[in-house]
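Heads up: the structure comes next, in structure tokens.
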Amino acid sequence: MSIYDTLNEQQREAVFHTDGPLLILAGAGSGKTRVLTHRIAYLIEEKGVNPWNILAITFTNKAAGEMRERVDNLVGFGSESIWVSTFHSTCVRILRRHIDRLGYDNNFTIYDADDQKTLMKDVCRLIDIDTKVYKERNLLSAISSAKDELITPAEYELNAAGDYGKQKIAKVYLEYEKQLRANNALDFDDLLVKTVQLLQTQPDVLEYYQERFRYIMVDEYQDTNTVQFKFVSLLAGKYKNLCVVGDDDQSIYKFRGANIKNILNFEQEFHDAKVIKLEQNYRSTSNILNAANAVISNNVGRKDKSLWTDNGEGEKIQFRQFDTAYDEADFIAEDIRKHVKDGAAYNEHAILYRTNAQSRLFEERFVAGNIPYKIVGGINFYARREIKDLLAYLKTIDNGKDDLAVRRIINVPKRGIGLTTINRVQESALEREIGFYEALQGLDLIPNIGRSAGKLDSFVALMEYFKGFAAKETLSDLMKEIIEKTGYVENLEAEDKEDAQSRIENIEELQSKIAAYEESCADMDEKPTLSGFLEEVALVADIDSLDEEQDYVILMTLHSAKGLEFPHVYLAGMEDGLFPSYMTITSDDNEDLEEERRLCYVGITRAEKDLTVSCARRRMIRGETQYNKMSRFLKEIPTELMETGAAFEEEVEMPTQNAYFQAKQVFKQKAFSTGKTAKQFTVTKEKGLDYTIGDRVKHMKFGEGLVTDITEGGRDYEVTVQFDTAGVKKMFASFARLQKV
Ligand SMILES: Nc1ncnc2c1ncn2[C@@H]1O[C@H](COP(=O)(O)OP(=O)(O)OP(=O)(O)O)[C@@H](O)[C@H]1O
Ligand SMILES: [Mg+2]
């Protein structure tokens, strides 16, 4: 039996159609990704295509790794020379070789969101933009959208005629680009934009890659944006062996410029494209699938698909409504514990939610209950201060042109170099149109630098020493040397002992990552380089931190869950105002709500065996208690597919009898005259507080502090605490759970 016998007829057709453009448009769990891997295997094994000539683009680096592994299992050879990677990684690899054609150094730096913000602050200061009127975040997102659409600063300015606001943005865009270039840096969008520019302006480079990538495949095609489409169109322009797979119902990145028209345009750009539909879902039970189908059918203007499965009905979808988000977290933790007792593994469970902030309650429950868990996303490892500091050292050593990096560490750990001095250097660099580090190397040209010159000199000497060290020693040793010579860790400890411990662990984690990078290079017969490592770091998406070997419950946002599957899935926080978000409910644009609904469809279809959907009547969002109705998406699931669970009967309101759910205002007016919620609140207040103004109290997260004020809110006490380290916080007593010390 060959591997292709395990495919159904349509899947086989897609695998065997190797030459010419092919669009596979199909619903969730129908085997699109599986078709791609089998197609690669078929190209190599049966068609004798050189693995070197294959490019497969996936949505995350993790997916890329998986695909490589699956191909490895199928073919057993050659998988290391296939290019399987994300759009961004693919572009970085191309740019590292050729970006000098566009006037950059090939060892350019990649700026993450944080770096971009810092740069934008500089830009605004430089050209006198009032950031109270034009927020950095909005400016960056306007620029990002422009880049996604391949609009240059000059074109932006042309389009801005007569529009004052846009003219300002055009100026910012122009300066921002100038600064990036001066720093020899690219932001994330640039990776694609510059690659497209390169292919458009350098015919020999284009020709080279067209010859190289004779067979191109793109997964999750529905979420590509204009510049990504342009990129693949250019590459596939000669041989036209382009196979894209996607599901218009799972397009969830419109806010990042994803362009659903790319699916529709495909057949225009690539005439005589073959279109194949897959209709059998292999992932989920029919109850889950029917729920997903029912929800998505509420979107108008979609391509109708009929997805079926012969996996059997399976369990009904569990629906639970709780008084508070705490109860919700308790229930889910308990439910998982039960499954594990019955023999399931922790990592068969995923909790999916709309916003990162929702992970905190689960985290608290899991820590308390000793349940291993992993939060994918949230505060990115690489966004932590100590990691960014050490990476800034590496960047400075690798590419002294990255001003942001140099400025970040010039006085970290403290070397007595003040802001005034730094600004003087900066001004002088700007005037002479050279980089910050370059200016540091010629201090005698900077006026009024005076007594600081010695300190600056020794900083430069240290960096130069590291550069020499890096040229001879391994990366791991370099990292050790940096930590030692700068006294970084000792300084952390001196600053704050408690805090230091977790930061040191992070640094150790960074060192393991460096070691892992060196090992993986050895496996691939590549030489580990500083640039190579920094490149990898710049491109890790949150999802890449997931390790299937480890047994932990997985927590992540719905957006991160795309393409993945788990036996047991919990969709938590299914409330109007949270999911769909408040903004989309109040927006006039139905498109936004439809995008949220697609996200819901993505969530439901991650589940293989069972799905639990839950919501809470009240929860704290940004420090404010919100009262939410159950999500309208839940009401779109036919009641006969759902079960409410006996133990929760009295608390549960099924969609058909939801008199309880009133608008927030009504809820407030009636002020808890009925129901369990009211009783709970009374209990809190009747019980009173066992601390008063002037007492010292302890909070789980903020530590100890002094109560400075207590006021009676309508339903709870508001307590103000001056924490010893965390500053002043105002909180509701029932949520804060302060303990007198
Ligand atoms: N012909 C088949 N026989 C058995 N299992 C299959 C078959 N096709 C796909 N599967 C399995 O079904 C599951 C879903 O497949 P896959 O992840 O490729 O779907 P997908 O269409 O890419 O889903 P998504 O839209 O969520 O990305 C996987 O576990 C896959 O191994
Ligand atoms: Mg897939």
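Source: prediction; values computed, not measured. Read the numbers this way: they start at 1 and go in the same order the structure lists the ligands and their atoms.
Of the protein's heavy atoms, K32 N, 3.5 Å lies nearest to atom 20 (P) of ligand 1. Scanning the protein for heavy atoms near atom 17 (O) of ligand 1, the closest one is R283 NH2, 3.1 Å. In terms of protein heavy atoms, atom 9 (C) of ligand 1 is closest to R34 CD, 3.2 Å. Ranking the protein heavy atoms by distance from atom 8 (N) of ligand 1 puts Q11 NE2, 3.0 Å first. Of all protein heavy atoms, the one closest to atom 14 (C) of ligand 1 is E565 OE1, 3.5 Å. Nearest non-hydrogen protein atom to atom 19 (O) of ligand 1 is G31 N, 3.0 Å.
Using 4.0 Å as the threshold, T605 has no heavy atom nearer than that to any atom of ligand 1. Using a non-hydrogen distance threshold of 4.0 Å, G29 registers as a contact of ligand 1.
Checked against a 3.5 angstrom limit, the closest N/O atoms of G563 and ligand 1 fall outside it. Checked against a 3.5 angstrom limit, the closest N/O atoms of L7 and ligand 1 fall outside it.
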Problem - Test ring-ring contact (aromatic ring centres under 6.0 Å, His included) applied to F362 and Y373, step by step - result: CA-CA 9 Å; F362 292 108; Y373 68 94; 9.9 Å; no
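Close approach to T6 involves these atoms of ligand 1, each under 4.0 Å from a residue heavy atom: 1 (N), 2 (C), 3 (N). For ligand 1, the atoms lying closer than 4.0 Å to a non-hydrogen atom of R606 are 26 (O).
Salt bridge annotation for D249-R302: present, with a cationic side-chain nitrogen under 4.0 angstrom from a carboxylate oxygen. Ion pairing between a basic and an acidic side chain is recognised when a charged N comes within 4.0 Å of a carboxylate O; D592 and K254 show such pairing. Ion pairing between a basic and an acidic side chain is recognised when a charged N comes within 4.0 Å of a carboxylate O; E211 and K238 show such pairing. Comment: K32 does not engage D219 in a salt bridge, judged by the lack of any side-chain N to carboxylate O separation of less than 4.0 angstrom. Between E9 and R12, no side-chain nitrogen of the basic residue sits less than 4.0 Å from a carboxylate oxygen of the acidic one, so the salt-bridge criterion is not met. One finds a salt bridge joining R337 and E334 here, because a Lys/Arg side-chain nitrogen approaches an Asp/Glu carboxylate oxygen to under 4.0 Å.
Between F331 and F322, the gap from one ring centroid to the other is short of 6.0 Å.
Closest heavy-atom approach to atom 6 (C) of ligand 1 within the set Y282, Y4, Y601: this belongs to Y282.
A 4.5 Å side-chain heavy-atom check between V613 and Q318 finds every atom pair outside the cut-off.
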